[in-house]
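Here is the structure we will look at.
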Protein chains: 2
Amino acid sequence: MPYSIKAAAARCGLSEYTLRYYDKAGLLPFVARDASGYRAFTDGDMALLHTIICLKNTGMRIDDIRTYIQYVMAGSSTVAERRALLQKHREAVAAKQRAIAENLKEIDYKLALYEDPQAAQLVARELAAASQDKQAANLPDAFAGIH
Amino acid sequence: MPYSIKAAAARCGLSEYTLRYYDKAGLLPFVARDASGYRAFTDGDMALLHTIICLKNTGMRIDDIRTYIQYVMAGSSTVAERRALLQKHREAVAAKQRAIAENLKEIDYKLALYEDPQAAQLVARELAAASQDKQAANLPDAFAGIH
DNA sequence: ATAGACCTTAGAGCATACTCTAAGGCAACC
DNA sequence: GGTTGCCTTAGAGTATGCTCTAAGGTCTAT
């Protein structure tokens, strides 16, 4: 019934190396060992691992994931702490998503410029302006001679 | 008119260290030096630096940003390459945003559980199930005795 | 009983992106 | 001319998260 590390890795999409690294880092204190000292992942373990991967995929650091797992291992008395941790993370992720969306808008603006039929001319004009900046300041001009 | 590295750092929000690191990494070939060998950032340089920061903030790697800057330094003949690079990046960022949103949904699900008035009971039930997984597989139970 | 595929650990190595230190040059003011 | 504050470089150090190697134990089938 339980999965070997190889099977668990295949199921969750992480490498065996990464699973061992996570275990060493204190993220998998719940994974039991069989009589030979081999890790044995149960379905319940895979569910918790899934949560760990969600936290990782949203950018949570190993240290913070460990804190979450420690709350889980401490039982239902830590529900408030878990809620606070996840809420804080949720807001941080949302804020980062918004920031990325903002930056992406500017990249889209650049992209629109490059997609314009007159792109070459527009770019050449930008370049000429940058070039003049240098001349006006009596600085060597890295853009000189570029079209 | 041009900005010292200190002024440029203050304006763009990066540290002086980071600006020097970027220069060393080939991201700032356009920044000129004054008679004393000091970097002199023009307004045109700041605009390009802004683009670099947008790319960085959306997770582009230094190596790829350098490629983009090399296209810029090669003039308007590289418009097609720049467009391709930005489009590819744009799609990668969008895909990652979607992936994060997916993972966030699962975290929200967990959060809803913790926000339930019956949270402690629900969590205790999860825990009991995980505990039974271990028992059924004749494995040491890390959850034993936790409420 | 031996080959092969699996597992274990400790610890080294790597990639990325900074971050800082050391040693020293330049420029302005008292 | 000395102090102060800015700048330069090379290169070392840090943080994070893997990724891999070496040495060795276990299990299964032939």
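Note on naming: letters A, B, ... go to the chains in the order of the sequence lines (proteins, then strands), and numbering restarts at 1 for each one.
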Open item on the list: Rounded to whole Å, how long is the line connecting atom OH of A:Tyr21 with atom C1' of C:dC14?
Closed with: 13 Å
Task: B:Tyr17 side chain, from C-beta outward: closest of D:dT9, C:dT19, D:dC7 - done: C:dT19
TODO: For B:Asp64 and C:dA15, give me the distance from atom CG to atom P, rounded to whole Å.
DONE: 16 Å
Task: Check: A:Cys54 main-chain N/O paired with A:Thr58 side-chain donor or acceptor under 3.5 Å - done: yes
Task: Pair of N/O donor and acceptor under 3.5 Å linking D:dG25 base with A:Tyr38 side chain - done: yes
Task: Of the listed nucleotides D:dT16, D:dT8, C:dA17, the one nearest the side chain of B:Arg39 - done: D:dT8
Task: Length of the CD-P vector between B:Glu16 and D:dG5, whole Å - done: 14 Å
TODO: Using whole Å, report how far CG of B:Asn57 lies from P of C:dA17.
DONE: 13 Å
TODO: Would you kindly give the CG-to-P distance between A:Leu28 and C:dT9, to the nearest whole Å?
DONE: 12 Å
TODO: May I ask you to check whether A:Thr42 and A:Asp45 show a side-chain donor-acceptor distance below 3.5 Å?
DONE: yes
Open item on the list: Tell me whether B:Glu106 is salt-bridged to A:Lys56, with the criterion being a basic N under 4.0 Å from an acidic carboxylate O.
Closed with: no
Task: Residue closer to the 5' end of DNA chain D, A:Tyr22 versus A:Asp34 (nearest nucleotide) - done: A:Tyr22
Open item on the list: From the set C:dC7, C:dT9, C:dA10, return the single nucleotide nearest to any side-chain atom of A:Lys24.
Closed with: C:dA10
Task: B:Ala112 backbone acceptor or donor facing B:Asp116 side chain under 3.5 Å - done: no
TODO: When you get a sec, tell me which of D:dC18, D:dC7, C:dT8 is the closest nucleotide to the side chain of B:Ser4?
DONE: D:dC7
Open item on the list: Rounded to whole Å, please give me the gap between NZ in B:Lys6 and C1' in D:dC7.
Closed with: 11 Å
Open item on the list: Nearest to the side chain of A:Ser15, heavy atoms from C-beta on, is which of C:dT16, D:dT9, D:dT19?
Closed with: D:dT19
TODO: Kindly point out which of C:dA17, C:dT8, C:dC7 is positioned nearest to the side chain of B:Arg61?
DONE: C:dA17
TODO: Measure the distance from CZ on B:Arg20 to P on C:dT21 and round it to the nearest whole Å.
DONE: 13 Å
TODO: When you get a sec, tell me which of D:dC7, D:dC18, C:dC20 is the closest nucleotide to the side chain of A:Thr18?
DONE: D:dC18
Open item on the list: How many whole angstroms separate atom CD1 of A:Ile52 from atom P of D:dC18?
Closed with: 12 Å
Open item on the list: I'd like to know if A:Glu126 pairs up with A:Lys110 as an ion pair, taking the criterion as any Lys NZ or Arg NE/NH1/NH2 lying under 4.0 Å from an Asp or Glu carboxylate oxygen.
Closed with: yes
Task: B:Arg33 side-chain N/O to D:dT9 phosphate OP1/OP2 under 4.0 Å - done: yes
Task: From C:dC18, D:dC7, D:dG17, nucleotide with atom closest to A:Ile62 side chain - done: D:dG17
Task: Residue whose closest nucleotide on DNA chain C lies nearer the 5' end, B:Ala35 versus B:Lys56 - done: B:Lys56
